[in-house]
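Here the structure is laid out as structure tokens; the discussion comes afterwards.
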There are 2 protein chains.
Amino acid sequence: MTPPPPLTVSDDTLTERQKDVLDAALGLLVDGGDGLTMTGVARRASCSKETLYKWFGDRDGLLTATVQWQASKVRVVPVDRDTLDKRTLGIALEKFGRDWLTVLTGDTSVALNRLAVSHAGQEKRNLGRIVLENGPIGMARRCKPLLEAGRDAGLVKFDDADQAFRTFFGLVVRDTQIRMLLGEQRRPSEEQIAAQARRAREQFFALFGA
Amino acid sequence: MTPPPPLTVSDDTLTERQKDVLDAALGLLVDGGDGLTMTGVARRASCSKETLYKWFGDRDGLLTATVQWQASKVRVVPVDRDTLDKRTLGIALEKFGRDWLTVLTGDTSVALNRLAVSHAGQEKRNLGRIVLENGPIGMARRCKPLLEAGRDAGLVKFDDADQAFRTFFGLVVRDTQIRMLLGEQRRPSEEQIAAQARRAREQFFALFGA
DNA sequence: ATTGAGGCGTACCGTACGGTACGGTTCGGC
DNA sequence: GCCGAACCGTACCGTACGGTACGCCTCAAT
């Protein structure tokens with residue numbers, strides 16, 4: 001008798017061994033979207049398929065747990081909003097953009113988003129939902145308070161925080177993500193990412209600066 | 001003896017029957033990414049699998065032809081650049097954004113991009129390349145001359161046309177496409193699309209207006 | 001030492017699907 | 001009318017993979 005896999009998976013609901021298994025799945029996912037098969041994961045993680053089914057229910061449960069496991073790795077960096085002036089707000093936004101672009105263009109993120117996108121096309125919408133929640137929506141949730149704090153401090157000016165955030169998103173990401181997802185080989189360098197984050201900050205202030 | 005399928009597929013290299021078959025594949029693709037199987041296409045198009053293999057070589061050839069067929073449907077609307085003032089440039093850019101968002105959020109585009117994204121994760125990079133070419137890259141190719149004409153007419157000001165285009169892309173698309181790809185149900189209404197295109201135009205002129 | 005749970009490795013089953021073969025039908029050319 | 005090409009429908013094959021069963025090992029608890 002095995003309890004059904006938990007609905008949410010995070011750092012402390014998994015044993016070390018289970019984390020190893022999910023890391024194996026992630027690795028398998030990163031180098032070549034195919035090959036991510038139950039047998040493949042079992043071989044890579046040196047465990048038995050039966051264990052996989054016992055722990056994660058079925059293939060979909062394994063994939064879901066893998067996505068959640070990766071999502072739980074990305075930690076939120078809270079922003080100190082007490083000493084907020086135009087300079088620190090700009091620095092925070094620019095760092096935000098830099099971190100975001102770095103994650104977005106990483107192998108793991110690309111592979112994970114590819115998986116979620118392809119699964120969103122079938123019935124199983126849950127992977128897409130999870131990645132959505134930890135992607136754009138999560139970014140919005142962390143970014144909007146910062147923007148609103150900036151507005152409250154009279155540093156920037158906008159009516160709708162959501163619209164402002166989405167504009168910032170567009171200025172940062174532009175066509176980078178879709179190009180990566182579609183297989184563009186060229187990955188932006190660290191310098192290009194930094195330059196792009198700086199441009200996004202400047203442009204955001206040009207549009208919304210008070 | 002059948003000649004290998006042509007490397008490029010367009011409106012005039014296909015018979016009507018073949019177009020019907022590809023449209024059947026498109027339809028199958030739109031309602032549920034799975035189900036797009038050789039048997040399924042044959043059944044939906046009322047043709048035999050043998051014919052599919054004769055015409056398109058293998059499954060990958062069929063998919064490639066399908067993507068190219070859809071791409072060939074999207075026609076370019078050339079812009080008259082003789083009578084270019086700030087108003088007409090703005091109108092052209094806004095229409096550009098509106099059309100682009102309308103296509104992006106359409107069922108067919110979403111399904112096609114999902115297919116291309118998932119295939120870009122495996123060896124077969126060609127689908128991604130085709131969609132890339134007809135997506136962001138194609139948009140850039142059509143948009144950049146317009147921007148440069150605007151610059152030559154002293155209406156807008158920028159150093160790098162590519163950077164300017166990508167900014168415009170970001171202002172128009174923002175997180176709309178990735179959200180659709182990840183399965184977000186809510187599709188923007190025609191009014192929202194129009195409003196967004198208008199905002200993108202205003203913001204672009206605010207950033208780059210001479 | 002015994003025992004039982006947890007887990008590894010492997011063999012196995014059923015199914016779905018890519019790809020092939022073949023008989024039957026339609027149709028244009030002679 | 002006759003022939004061959006093209007094509008439809010279907011049956012078939014091989015393989016890959018999701019999922020299950022089972023034998024064996026390890027190890028902790030008693």
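Chain letters run A, B, ... following the sequence lines, proteins first, then strands; residues in each count from 1.
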Quiz item: Side chains of Arg174(B) and Gln196(B): donor-acceptor distance under 3.5 Å anywhere?
Solution: yes

Quiz item: After noting the C-alpha distance and the side-chain angles of Arg166(A) and Asp160(A), does the key distance pass the salt bridge (Lys or Arg N to Asp or Glu O under 4.0 Å) rule?
Solution: CA-CA 10 Å; Arg166(A) 296 188 68 192; Asp160(A) 186 346; over 6 Å; no

Specify the separation, in whole Å, of atom [atom1] of [X] and atom [atom2] of [N].
| X | N | atom1 | atom2 | result |
| --- | --- | --- | --- | --- |
| Leu52(B) | dG18(C) | CG | C1' | 12 Å |
| Gln122(A) | dG18(D) | CD | P | 13 Å |
| Phe56(A) | dG7(C) | CZ | P | 11 Å |
| Asp58(A) | dC17(D) | CG | P | 17 Å |

Self-check item: Within 6.0 Å of CG in Asp159(A), more than 12 heavy atoms from elsewhere
Solution: no

Practice problem: Please assess Arg199(A) against Glu202(A) for the test salt bridge (Lys or Arg N to Asp or Glu O under 4.0 Å), listing each intermediate value before the final yes or no. | Solution: CA-CA 5 Å; Arg199(A) 282 180 64 95; Glu202(A) 293 166 358; over 6 Å; no

Quiz item: Is the distance from OP1 or OP2 of dG6(C) to the nearest side-chain N or O of Trp55(A) less than 4.0 Å?
Solution: no

Quiz item: For Asn134(B), what residues pass the side chain to side chain donor-acceptor pair (under 3.5 Å) criterion, not counting sequence neighbours?
Solution: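 Residues passing side chain to side chain donor-acceptor pair (under 3.5 Å) with Asn134(B): none at all.
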
Quiz item: When you measure from every atom of DNA chain D, which of residues 37-45 of chain B have a heavy atom less than 4.0 Å away?
Solution: none

With the criterion being N/O to N/O and under 3.5 Å, what pairs connect the protein with nucleotides 21-24 of chain D, and how long is each?
| from | atom 1 | to | atom 2 | distance (Å) |
| --- | --- | --- | --- | --- |
| dC22(D) | N4 | Glu50(A) | OE1 | 2.2 |
| dC22(D) | N4 | Glu50(A) | OE2 | 3.3 |

Exercise. Could you go through the salt bridge (Lys or Arg N to Asp or Glu O under 4.0 Å) check for Asp31(A) and Arg44(A) one step at a time?
Key: CA-CA 12 Å; Asp31(A) 46 54; Arg44(A) 178 126 163 184; 3.8 Å; yes

